[in-house]
Protein chains: 2
Amino acid sequence: MNLKRNVSSIASLISDPSRAAILLHLLDGRCHPAGDLAAVAGITPQTASFHLAKMAETGTVTVEKHGRHRYYRIAQASDAEMIEQLLSFAGPAPVVSLRQSDQMKKLRHARMCYDHLAGEAAVRITESLLREGHLQKDGLQLHVTASGERFFADFGLDLPQLRKKRRAFSRCCLDWTEREHHVAGALGQGLTERMFAMDWFRREEQSRAVRITQEGKQGMAERFRIRLD
Amino acid sequence: MNLKRNVSSIASLISDPSRAAILLHLLDGRCHPAGDLAAVAGITPQTASFHLAKMAETGTVTVEKHGRHRYYRIAQASDAEMIEQLLSFAGPAPVVSLRQSDQMKKLRHARMCYDHLAGEAAVRITESLLREGHLQKDGLQLHVTASGERFFADFGLDLPQLRKKRRAFSRCCLDWTEREHHVAGALGQGLTERMFAMDWFRREEQSRAVRITQEGKQGMAERFRIRLD
DNA sequence: TAGACGTTTCCATTATCATCGAAATGTGGA
DNA sequence: TCCACATTTCGATGATAATGGAAACGTCTA
């Protein structure tokens, strides 16, 4: 069994508190400059650079140079999802401060999970798609039905294009706050992108949290027949 | 966010190769003497004892004294399931030797996931229970329907008793070889126990693998309408 | 009662690795 | 051209923790 090797090497990436902090912060799917990540993890830029280099070497993160900044992000959606899964075992975070509980409430409500929407909103949307027969669950796969093809096209998604991407097309991703599944994969990403384009959601600064706009509430009621407050 | 702390401490449990080997071996749900675990991990008894003491302290494993042996096992089903989940990210194990691939094939077919059945057999059984309307999926929960109540009672399970247990009654557990869900929780455990009592399955020595008997094949065809070879 | 065996405790060794100061590199702006 | 700034590289340090030898403990067997 050389599963051992894989398992422990994956785990050791996250076992260091500084790296965990960095990865958790990168879980918002955005690009972050090295300095910010150092600040988040509470370490000096040198140390952060050391960790980032290490993670870049194993392919966990990728770099993009822009001027004198270097922006890092998580390389693969699957890695991000693994960390999300770990979170669901870290248990419901014991709330310490009011500020934390407030932040937590926002995260539960709607947040980014790397490149797609997560939290209550995402779970409700996924439920709706299944209920209306646009998606069909098959294990961890989510198949788009005939009615789904029409629905998504009508929604402004180019499904053939999304299918072409070199990644899973449509799959379940475990939501660690809701303990249910939400749509991930290229479809989840495309859907999320489209909803942002329609200004249904707006990202918060420096956080994975996502705010729902008035248009969003209205749109979700009309399109998905769900009501979020 | 003190999620960080939790996440990294969970990961550090498995990040050490020796501990990973021990935990992976304990994933069969059986009790194992300390010496065996040392051998499996390729370390001296002292070192294994050190790791086991550490894991016992954090509540990951529990000890049972029998004569001069001390038998260890994973304390909580949820921990075992977390490790199983990590395995699904470790990727399909690159097969090195023929012996390994053979062992792997057996594991895929049927194995123990701590205290319940996993692998193809478990996934097929779960599918059958859903298809026949005995179980109903609700997020990660599995509800027993009215017809399910009758079915399980007829199968020899004491559901009220199982519900009393201080653990999740019936839930989905991600199968890392099949990438689908199978029944876990008290129901998964009870079901597995009953099938072993009926001699449908037999455990292999020193492995998580499980062999299906002739009775098992016949019984599964009759009761679950599935055919496994 | 003695000895074998499984296991743990104690202890010293060793290696690994996160960390940071100092300095180098590269980029942008004045 | 010079300086400020983001980042990395280098090098040294210190802490942590895995490891195994020696010995003790408890249990089983003869």
Side-chain angles (χ1 to χ4, degrees), chain A residues 4-5 7-26 30-75 206, chain B residues 4-26 30-75 205-206:
Chain A
K4 279 181 243 171
R5 278 275 293 288
V7 173
S8 59
S9 64
I10 287 179
S12 69
L13 252 189
I14 323 174
S15 64
D16 178 70
S18 302
R19 274 195 299 268
I22 290 175
L23 287 171
L24 246 42
H25 194 69
L26 286 175
R30 284 198 260 231
C31 291
H32 292 275
D36 281 16
L37 296 172
V40 165
I43 49 181
T44 59
Q46 308 98 310
T47 309
S49 178
F50 161 76
H51 286 302
L52 289 166
K54 179 173 231 162
M55 292 193 284
E57 205 176 326
T58 64
T60 312
V61 299
T62 51
V63 210
E64 219 169 292
K65 288 178 70 172
H66 276 289
R68 53 184 158 182
H69 296 269
R70 300 214 185 166
Y71 293 93
Y72 287 90
R73 59 184 187 81
I74 294 181
Q206 296 293 345
Chain B
K4 279 180 240 169
R5 280 272 294 285
N6 281 330
V7 172
S8 59
S9 64
I10 286 180
S12 68
L13 245 190
I14 326 173
S15 64
D16 178 69
S18 303
R19 272 196 300 270
I22 289 176
L23 285 171
L24 246 43
H25 195 68
L26 286 176
R30 284 200 260 232
C31 292
H32 291 276
D36 281 16
L37 295 172
V40 164
I43 49 181
T44 59
Q46 307 99 311
T47 308
S49 178
F50 162 78
H51 285 301
L52 289 166
K54 180 173 229 159
M55 292 193 283
E57 207 176 324
T58 65
T60 312
V61 299
T62 51
V63 208
E64 219 169 292
K65 287 179 67 172
H66 275 288
R68 54 183 161 185
H69 296 269
R70 300 216 186 164
Y71 292 94
Y72 286 90
R73 60 185 186 79
I74 294 181
E205 290 304 315
Q206 296 293 348

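As a basis for the values below, the full set of heavy atoms in this structure was taken, side chains included, without hydrogen atoms, waters or symmetry mates. Note on naming: letters A, B, ... go to the chains in the order of the sequence lines (proteins, then strands), and numbering restarts at 1 for each one.
Atom CD in A:Gln46 sits roughly 11 Å away from atom C1' in C:dA23 (whole-Å rounding). In this structure, the CD1 atom of B:Ile43 is 18 Å from the P atom of C:dA15, given to the nearest Å. One can place CG of A:Leu13 at 14 Å from C1' of C:dA18, the figure rounded to the nearest angstrom. Here the C1' atom of nucleotide C:dA12 and the CZ atom of B:Phe50 are 14 Å apart, to the nearest Å. What separates CD of B:Glu57 from P of C:dT9 is a distance of 11 Å, to the nearest Å. One can place NE2 of B:His66 at 18 Å from C1' of C:dC5, the figure rounded to the nearest angstrom. Put simply, NE2 on A:His51 is 11 Å from P on C:dC17, counting in whole angstrom units. Rounded to an integer number of Å, the gap from A:Arg68 CZ to C:dG29 P is 7 Å.
Shortest non-hydrogen contact noted between B:Ala41 and B:Ser18 is CB-O, 3.8 Å. Across A:Ala20 and B:Ser8, no two heavy atoms sit closer than the pair CB-CB, 4.0 Å. Summarising the geometry of A:Leu23 relative to A:Ile74, their closest heavy-atom pair is O-CD1, 4.0 Å, with the distance given to 0.1 Å.
Among the protein residues, A:Tyr72 comes within range of the sugar-phosphate backbone only, with heavy atoms under 4.0 Å from sugar or phosphate atoms but none that close to a base.
Candidate nucleotides C:dG6, C:dA22, C:dA18 were compared by shortest atom distance to the side chain of B:His69, and C:dG6 ranks first.
A residue-by-residue look at A:Lys65 and A:Thr44 shows that A:Thr44 has its nearest nucleotide of DNA chain C further toward the 5' end.
Scored by the salt bridge (charged side-chain N to carboxylate O under 4.0 Å, His left out) test, A:Arg30 finds A:Asp28 as partners (sequence neighbours excluded).
Using a 30° and 60° split on the angle between ring planes, A:His66 and A:Tyr71 fall in the perpendicular class, above 60°.
Mapping heavy-atom proximity under 4.0 Å, the span of DNA chain D touched by chain A runs 5' to 3' from D:dA4 to D:dT9.
Taken from CD1 in A:Ile22 to NE2 in A:His32, the straight-line distance is 11.5 Å, to the nearest 0.5 Å.
Without hydrogens or angle criteria, B:Arg19 side chain to B:Ser12 main chain gives a donor-acceptor distance under 3.5 Å.
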